[in-house]
Protein chains: 2
Amino acid sequence: MSRALKKVNYSEDEKQLALFAKALAHPVRVHILKLLNSQSCCYTGDLTELIPLAQSTISQHLKALNEAGLIQGEIMPPKVKYCLNKKKWTVAKDLFADLFDQ
Amino acid sequence: MSRALKKVNYSEDEKQLALFAKALAHPVRVHILKLLNSQSCCYTGDLTELIPLAQSTISQHLKALNEAGLIQGEIMPPKVKYCLNKKKWTVAKDLFADLFDQ
DNA sequence: TTTTCTCATCGTATATTTGCGATAAACTAT
DNA sequence: ATAGTTTATCGCAAATATACGATGAGAAAA
């Protein structure tokens with residue numbers, strides 16, 4: 001209960017990095033990102049064929065990646081095309097690289 | 001319940017990266033790693049002075065980082081000195097760099 | 001209009017994470 | 001032995017994450 005009262009102040013970078021890390025904290029999301037990175041873009045339908053999880057589950061993972069800003073969806077009725085968000089991708093890359101620097 | 005039955009096979013790299021990411025998925029753990037990275041090593045006591053969280057909570061976060069292999073503790077009675085695990089640190093660095101390549 | 005296709009969201013069950021205080025464990029020093 | 005110091009673990013409560021099937025929303029095609 002004191003948990004909600006505990007407001008520790010971290011830097012913006014630390015918070016952003018933690019959010020990116022959280023998005024990467026499940027193998028299937030890493031897998032999806034690798035797929036998107038290798039073949040530019042993807043439809044959800046393609047993913048449900050490649051990954052043995054329920055369509056709703058994959059949609060949830062895509063939502064998580066989207067909310068973290070790592071991917072973005074483009075509506076192409078009746079499908080939705082997902083691509084990496086190159087800008088955020090670079091931000092994430094730099095944050096992780098900074099962390100691991102020496 | 002079918003959740004436990006669903007055993008999707010991811011690559012070792014994907015699983016390892018997800019585990020590292022999970023360890024980085026909380027701002028306080030990112031913060032701790034930055035501290036350890038900047039000042040070589042740290043005692044838990046130092047951290048409890050720098051971070052406004054209960055000692056038990058910090059100990060739990062250290063345990064998480066330790067189990068992910070990112071840090072290692074050296075017993076120096078009555079204290080424990082924590083340092084980065086350089087080897088694993090490099091592994092993690094490379095995995096993240098690979099993911100974000102191009 | 002109705003059907004079909006694709007994807008998102010809802011509702012639910014279970015597991016995991018996060019925080020705390022209290023207590024245990026390990027070692028020193030008295 | 002006893003007391004003090006430091007860190008780890010336990011037990012709890014609340015929040016989040018993960019999976020599923022069922023259902024909803026939106027556009028295209030019949």
Side-chain angles (χ1 to χ4, degrees), chain A residues 1-10 14-15 18-32 35-36 41-68 70-83, chain B residues 1-10 14-15 18-32 36 41-68 71-83:
Chain A
M1 60 281 287
S2 24
R3 181 186 171 196
L5 300 175
K6 203 62 133 182
K7 284 273 171 65
V8 185
N9 270 356
Y10 307 104
E14 286 167 349
K15 285 187 281 187
L19 285 178
F20 283 141
K22 200 172 197 174
L24 296 174
H26 192 292
V28 76
R29 291 197 291 270
V30 174
H31 190 63
I32 290 172
L35 285 172
L36 289 181
C41 291
C42 243
Y43 297 95
T44 309
D46 300 344
L47 295 175
T48 59
E49 284 172 23
L50 294 172
I51 303 168
L53 288 175
Q55 178 265 326
S56 60
T57 303
I58 292 178
S59 184
Q60 273 187 124
H61 285 299
L62 287 171
K63 187 183 178 185
L65 290 171
N66 188 54
E67 283 174 354
L70 292 172
I71 66 173
Q72 57 196 155
E74 187 185 348
I75 299 171
M76 304 194 48
K79 299 192 177 185
V80 176
K81 187 171 70 174
Y82 281 101
C83 310
Chain B
M1 64 279 286
S2 23
R3 181 186 171 196
L5 300 175
K6 202 63 129 184
K7 286 270 172 68
V8 184
N9 270 357
Y10 306 105
E14 285 166 348
K15 285 187 279 187
L19 285 177
F20 283 140
K22 201 171 197 173
L24 296 174
H26 193 293
V28 77
R29 291 197 292 269
V30 174
H31 190 62
I32 290 171
L36 289 181
C41 291
C42 244
Y43 298 96
T44 309
D46 300 345
L47 295 175
T48 59
E49 285 173 20
L50 294 171
I51 302 168
L53 288 175
Q55 178 266 328
S56 60
T57 303
I58 292 178
S59 183
Q60 273 186 128
H61 284 300
L62 288 171
K63 186 181 178 187
L65 290 171
N66 188 53
E67 283 174 351
I71 66 174
Q72 57 197 154
E74 186 186 350
I75 298 171
M76 304 193 48
K79 301 191 175 186
V80 175
K81 187 170 71 173
Y82 280 101
C83 308

In whole angstroms, the gap separating P of C/dT28 from CE of B/Met76 amounts to 11 Å
When rounded to the nearest 0.5 Å, the distance separating OG1 of A/Thr44 from NE2 of A/His61 is 13.0 Å
Against the side chain of A/Pro78, the closest entry in C/dT6, C/dC7, C/dC20 is C/dT6
Phosphate oxygens OP1/OP2 of D/dA8: is one of them under 4.0 Å from a side-chain N or O of B/Tyr82? yes
A/Lys63 NZ to D/dA17 P, in whole Å, measures 11 Å
Within residues 55-62 of chain B, those residues having any heavy atom closer than 4.0 Å to DNA chain D are B/Gln55, B/Ser56, B/Ser59
Under 4.0 Å between a side-chain N/O of B/Lys22 and OP1 or OP2 of C/dT16, yes or no? no
Sequence neighbours excluded, the answer for ring pair (Phe, Tyr, Trp, His ring centres under 6.0 Å) partners of A/His31 is none
Considering only heavy side-chain atoms of B/Leu53, the closest of C/dC20, C/dT18, C/dC7 is C/dC20
Separation of C/dC7 atom C1' from A/Ile32 atom CD1, nearest Å, is 14 Å
B/Ile71 atom CD1 is separated from D/dA8 atom C1', nearest whole Å, by 13 Å
B/Leu65 atom CG is separated from D/dT7 atom P, nearest whole Å, by 16 Å
Query - side-chain N/O B/Lys79 vs C/dA26 OP1/OP2, d < 4.0 Å - result: no
Residue set satisfying salt bridge (charged side-chain N to carboxylate O under 4.0 Å, His left out) with B/Lys63, at least two apart, ordered chain then number -> none
Hits for salt bridge (charged side-chain N to carboxylate O under 4.0 Å, His left out) against B/Lys79, two or more places apart or cross-chain, chain-then-number order -> none
note: A/Asn66, atom CG; C/dA8, atom P; distance rounded to Å ~ 9 Å
Here the distance between atom C1' of D/dT5 and atom NZ of B/Lys81, to the nearest Å, is 19 Å
By side-chain hydrogen bond (donor to acceptor under 3.5 Å, both in side chains), A/Lys81 pairs with (sequence neighbours left out) none
B/Tyr10 side chain reached by A/His26 side chain, heavy atoms, under 4.5 Å: yes
Rounded to whole Å, the CD1-C1' distance (B/Ile75 to D/dT6) equals 12 Å
Side chains of residues 45-59 of chain A: which donor-acceptor pairs under 3.5 Å do they make with residues two or more places apart or in other chains?
| unit_1 | atom_1 | unit_2 | atom_2 | d |
| --- | --- | --- | --- | --- |
| A/Asp46 | OD2 | A/Tyr43 | N | 3.4 |
| A/Thr48 | OG1 | A/Gly45 | O | 2.7 |

